Amino acid sequence: SSENPRSYPVGRPFRLLFFGRIFPYKGLDLLLSAFPRLRSQFPGMELTIAGFGSPASSSLEGIEGVRVDNRWIAEEQVGEFFAAADLVVLPYTEASQSGVIPAAYASGLPVVPRRLAGFPSR
């Protein structure tokens, strides 16, 4: 919960989470193009992509540290993904709101959204 703030992980890689339905406007392609650079600066970093949709499988080829769980995530399983993550990333190219943000905050996770009108900038 948000009452117990998380700290940087010790003894394991830093874990990013992209969660929710996978649509083109969610910017997964942007995240996948940036992830190898992030991983070069933070060796061992991991990215979990969890949700139902069409991740560009060709974009995933050859990217180390990416795990895809491409299915509808049942409500009782959502917390498991957030509990295993250190940071939620929202590279959306357009959006007015996201249910992922409150879920992340309820789990005590920081969120890094792309700067959009409907997302908080801090």
Side-chain angles (χ1 to χ4, degrees):
S1 84
S2 59
E3 294 174 10
N4 298 316
R6 295 172 182 251
S7 58
Y8 191 81
V10 177
R12 68 163 176 78
F14 194 81
R15 297 174 181 155
L16 304 180
L17 175 63
F18 176 97
F19 187 88
R21 298 173 85 188
I22 302 170
F23 292 119
Y25 77 88
K26 299 255 181 129
L28 182 57
D29 57 335
L30 298 172
L31 178 56
L32 291 174
S33 68
F35 187 70
R37 291 186 303 249
L38 283 170
R39 195 167 157 94
S40 71
Q41 290 190 311
F42 304 97
M45 178 180 274
E46 297 174 352
L47 168 63
T48 297
I49 300 165
F52 181 73
S54 301
S57 56
S58 61
S59 301
L60 291 166
E61 290 176 21
I63 301 179
E64 300 254 344
V66 177
R67 180 176 76 93
V68 178
D69 194 338
N70 189 359
R71 63 185 171 92
W72 179 259
I73 309 295
E75 189 172 332
E76 59 273 6
Q77 296 174 316
V78 171
E80 297 170 23
F81 288 93
F82 287 91
D86 299 304
L87 179 74
V88 174
V89 288
L90 301 175
Y92 299 4
T93 58
E94 59 182 74
S96 60
Q97 62 184 353
S98 173
V100 176
I101 292 172
Y105 288 168
S107 298
L109 280 175
V111 176
V112 175
R114 189 156 183 241
R115 189 173 293 237
L116 296 172
F119 286 174
S121 61
R122 297 182 199 181

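Since the model is a prediction, treat every value here as computed from it, not as a measurement.
- One hydrophobic cluster, built from ILVMFWY side chains closer than 4.5 Å, holds both I22 and V112.
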inquiry  = Show, in sequence, the C-alpha distance, side-chain angles and deciding distance for T48 and R15, and conclude whether the side-chain contact (heavy atoms from CB on, under 4.5 Å) test is met.
reply    = CA-CA 7 Å; T48 297; R15 297 174 181 155; 6.0 Å; no
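- Surrounding CZ of R71 are more than 12 heavy atoms belonging to other residues, nucleotides or ligands, all under 6.0 Å away.
- Annotation for G44 and P13: closest pair O-CB, 2.8 Å, computed over non-hydrogen atoms.
- Two residues are said to be in side-chain contact when any heavy atoms from C-beta on lie closer than 4.5 Å; D86 and R12 meet this criterion.
- Taking all atoms of both residues into account, the shortest heavy-atom contact from G53 to N70 is O-ND2, 3.0 Å.
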task = For the pair V88 and F19, evaluate side-chain contact (heavy atoms from CB on, under 4.5 Å) and give the outcome as yes or no after the intermediate values.
result = CA-CA 8 Å; V88 174; F19 187 88; 5.6 Å; no
request  = Using the side-chain contact (heavy atoms from CB on, under 4.5 Å) rule, take L32 and I49 through it: C-alpha gap first, then chi angles, then the decisive distance, then the call.
outcome  = CA-CA 10 Å; L32 291 174; I49 300 165; 4.0 Å; yes
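- Atom CD of E64 sits in a sparse spot, with 12 or fewer heavy atoms from other residues, nucleotides or ligands closer than 6.0 Å.
- Taking every heavy atom of both residues into account, P36 and S33 meet most closely at CD-O, 3.7 Å.
- Hydrophobic clustering (side-chain heavy atoms under 4.5 Å, transitive across Ile, Leu, Val, Met, Phe, Trp, Tyr) groups Y105 together with F82.
- Follow the hydrophobic side-chain contacts under 4.5 Å out from V66 and you reach F42 in the same cluster.
- Minimum heavy-atom separation, F81 to L17: O-CD2, 3.7 Å.
- Residues Y92 and V100 meet the side-chain proximity criterion, which asks for heavy atoms closer than 4.5 Å.
- Between the CD1 atom in I73 and the CZ atom in F52 there is a gap of 11.0 Å [rounded to 0.5 Å].
- For the pair I63 and L47, the minimum side-chain heavy-atom distance is 4.5 Å or more.
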